[in-house]
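Heads up, the thing below is written out as structure tokens.
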Amino acid sequence: ANLEYLKGNARKALKLCAEAKFAGDRRRAILPTSSSPNDAAAAAEAVDRAVHHNNLALIHHASGRYHAALRYYAVALSSLESSATEPPHSGRSHCFGTDGTA
């Protein structure tokens, strides 16, 4: 999708993004899931959803459809915010573990 986006072929890039989302949904449906809705799998799914919507926003923005891009950016941001396990400004860097190691 990124190559088509860079070539300026927005329609094909959107189609490829949809196919990638479908493949990811299908992969998640096959994998076993745990019973807890707040586990790492749910957070990973929210991040995947945010990345998908961000990609759609980038394509729409490049195509001049700014209103649609803004809507997709908002959905991506809300997906990331809902997957956060700690406050965004907790003062702790996400690249370090709880013991301070990288």
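Computed from heavy atoms alone, side chains included, the values below leave out hydrogens, waters and symmetry copies.
Remark: K12 engages E4, N9, L16 in a side chain to side chain contact (heavy atoms under 4.5 Å, CB included) (not counting sequence neighbours). For E81, the side chain to side chain contact (heavy atoms under 4.5 Å, CB included) test picks out L77, with sequence neighbours left out. Annotation: side chain to side chain contact (heavy atoms under 4.5 Å, CB included) contacts of L80 (sequence neighbours excluded): V47, A50, S83. D48 pairs by the side chain to side chain donor-acceptor pair (under 3.5 Å) definition with R28, not counting sequence neighbours. R65 is linked by a side chain to side chain donor-acceptor pair (under 3.5 Å) to H60, counting only residues two or more places apart in sequence or in another chain. Considering only residues two or more places apart in sequence or on other chains, R26 meets the side chain to side chain contact (heavy atoms under 4.5 Å, CB included) condition with F22, A23.
Cluster membership for Y72 and L14, using ILVMFWY side-chain heavy atoms within less than 4.5 angstrom, is shared.
Looking at every heavy atom in both residues, H52 comes nearest to C17 through CE1-O, 3.5 Å.
With H53 contributing its side chain and R49 its backbone, the two residues share a donor-acceptor pair below 3.5 Å.
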